[in-house]
Participant: 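Before anything else, here's the structure in question.
Heavy-atom basis, side chains included; hydrogens, waters and symmetry copies ignored. All residue numbers in this chain count up from 1 along the given sequence.
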Amino acid sequence: HSALGDREGAVEHFRRAVTAFEASMGGEHPETSIALYNLARELQNQERFAEADPIFRRVLAIRESALPEGHLYIARAHVLLGNNLHKLGSFEEAEAELRHGLELSLRHYEADHPRIGDARLALGRLLVDAGKLSEAEPELQAALENYRVSESAVGGSVISRFLERSITGRQSRSIRFLESDARRKM
């Protein structure tokens, strides 16, 4: 639906899926959390962050109660909730979620995995927006290095996409620094 331009239809589709999973598996089942996750992501894609917030929190709660401690899906839920909180302007809570999600992700992935780069990029962007540039730069630099490794592994243009996605508002100063530093090291 969403890809076809029917954004509200997409939300309704995901709401129906949540209802079906709740009816067949129960409201606290990990499979239900996947349906909730899809709904929350669609709301987030539509910039309906306030609506997505309680759903992301429910996803996290279900996963924490149903999955082993520190499970990869729990890590991902922390990162996604942190991203959403960032968009809502809840910087302190977002930072805690993103840091915890990154910590858990590092238990599952090699440091150069793209998911680690995504988590570091999210944390770096948040820190820039929170005015913590000295803390943001190492995270953004680590994300850039992560994407550089990923780029050589897949032969894509990950670094270019990283820089494109990252240059917004107050972040541009940090990104320009990182870009020039990366060029000096090449």
Side-chain angles (χ1 to χ4, degrees), residues 1-67 69-105 108-109 113-132 136 139-140 143 161-162 164-171:
H1 290 279
S2 189
L4 300 174
D6 182 9
R7 299 179 81 171
E8 194 52 44
V11 169
E12 288 312 309
H13 168 79
F14 288 120
R15 287 191 199 282
R16 284 192 304 275
V18 167
T19 301
F21 274 97
E22 288 173 331
S24 65
M25 305 204 143
E28 302 305 311
H29 194 279
E31 293 292 326
T32 301
S33 81
I34 294 171
L36 287 162
Y37 164 89
N38 290 333
L39 172 59
R41 289 291 295 194
E42 181 59 32
L43 290 167
Q44 192 178 52
N45 289 340
Q46 293 183 27
E47 299 183 3
R48 294 163 63 176
F49 306 113
E51 288 177 70
D53 182 66
I55 300 168
F56 275 126
R57 290 177 189 278
R58 185 171 167 208
V59 167
L60 179 59
I62 291 169
R63 290 178 178 182
E64 287 181 327
S65 70
L67 299 172
E69 184 177 333
H71 191 279
L72 184 58
Y73 288 169
I74 295 171
R76 190 74 183 133
H78 279 288
V79 171
L80 293 169
L81 175 59
N83 276 331
N84 201 67
L85 289 165
H86 177 193
K87 297 294 186 181
L88 288 170
S90 300
F91 292 168
E92 198 171 299
E93 189 179 4
E95 182 177 348
E97 292 294 338
L98 289 168
R99 286 188 186 280
H100 190 59
L102 175 59
E103 175 190 326
L104 293 176
S105 295
H108 296 279
Y109 293 121
H113 192 278
R115 287 278 191 210
I116 300 300
D118 292 346
R120 289 195 183 283
L121 177 60
L123 179 58
R125 286 176 166 171
L126 167 75
L127 293 168
V128 167
D129 287 349
K132 299 179 178 182
E139 294 300 338
L140 293 170
R161 288 193 307 269
F162 165 78
E164 257 178 60
R165 290 187 332 207
S166 298
I167 299 175
T168 59
R170 295 179 295 185
Q171 294 176 327

Participant: Salt-bridge test for Glu92 and Arg99: reply yes if a basic N is under 4.0 Å from a carboxylate O, no otherwise.
Facilitator: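 Looking at Glu92 and Arg99, the cut-off is not met.
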
Participant: Please indicate whether Tyr73 has more than 12 foreign heavy atoms, meaning atoms of other residues, nucleotides or ligands, lying under 6.0 Å from its OH.
Facilitator: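 Incorrect, the count does not exceed 12.
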
Participant: Taking the side chain as everything from C-beta on, heavy atoms only, tell me whether Arg115 gets closer than 4.5 Å to Leu72.
Facilitator: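 In short, these two side chains do not touch, never coming nearer than 4.5 Å.
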
Participant: Show your working on side-chain contact (heavy atoms from CB on, under 4.5 Å) between Ile55 and Arg41 and close with a plain yes or no.
Facilitator: CA-CA 9 Å; Ile55 300 168; Arg41 289 291 295 194; over 6 Å; no

Participant: Under a 4.0 Å N-O cut-off, is there an ion pair linking Glu95 with Lys132?
Facilitator: yes

Participant: Are Asp129 and Arg125 close enough for a salt bridge, meaning some N to O gap below 4.0 Å?
Facilitator: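 No, Asp129 and Arg125 are not salt-bridged.
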
Participant: Ring centres under 6.0 Å, that's the criterion: do His86 and Phe91 meet it?
Facilitator: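 Yes, close enough.
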
Participant: Could you pull out the closest heavy-atom pair between Glu8 and Gln46, with the gap in Å?
Facilitator: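 Closest approach of Glu8 to Gln46: N-NE2, 4.4 Å.
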
Participant: Would you be so kind as to tabulate the donor-acceptor pairs closer than 3.5 Å made by side chains of residues 76-83, with sequence neighbours excluded?
Facilitator:
residue, atom, partner, partner atom, Å
His78, ND1, Glu97, OE1, 2.4
His78, NE2, Glu64, OE2, 3.3

Participant: In sequence, state the C-alpha distance, the side-chain angles, and the governing distance for Leu85 and Leu126, and then conclude on side-chain contact (heavy atoms from CB on, under 4.5 Å).
Facilitator: CA-CA 10 Å; Leu85 289 165; Leu126 167 75; over 6 Å; no

Participant: Compare all side-chain heavy atoms of Ile116 with those of Arg120 and state whether any distance is below 4.5 angstrom.
Facilitator: yes

Participant: Do Phe56 and Gln44 have side chains that get closer than 4.5 Å, going by heavy atoms?
Facilitator: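 Sidechains of Gln44 and Phe56: in contact.
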
Participant: For Arg63 and Ser33, test the side chains for any donor-to-acceptor distance below 3.5 angstrom and give the result as yes or no.
Facilitator: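 Present: a donor and an acceptor within the cut-off.
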
Participant: Between Arg15 and Glu51, is the closest basic N to carboxylate O distance under 4.0 Å?
Facilitator: yes

Participant: What are the two closest heavy atoms between Gly124 and Ala136, and how far apart are they?
Facilitator: O-CB, 3.6 Å

Participant: Taking side chain as C-beta onward, heavy atoms only, is Leu104 less than 4.5 Å from Glu69?
Facilitator: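 No, every pair of side-chain atoms sits at 4.5 Å or beyond.
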
Participant: I want to check something: taking the side chain as every heavy atom from C-beta on, are Thr32 and His29 in contact at a cut-off of under 4.5 Å?
Facilitator: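 The answer is yes; the side chains approach within 4.5 Å.
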
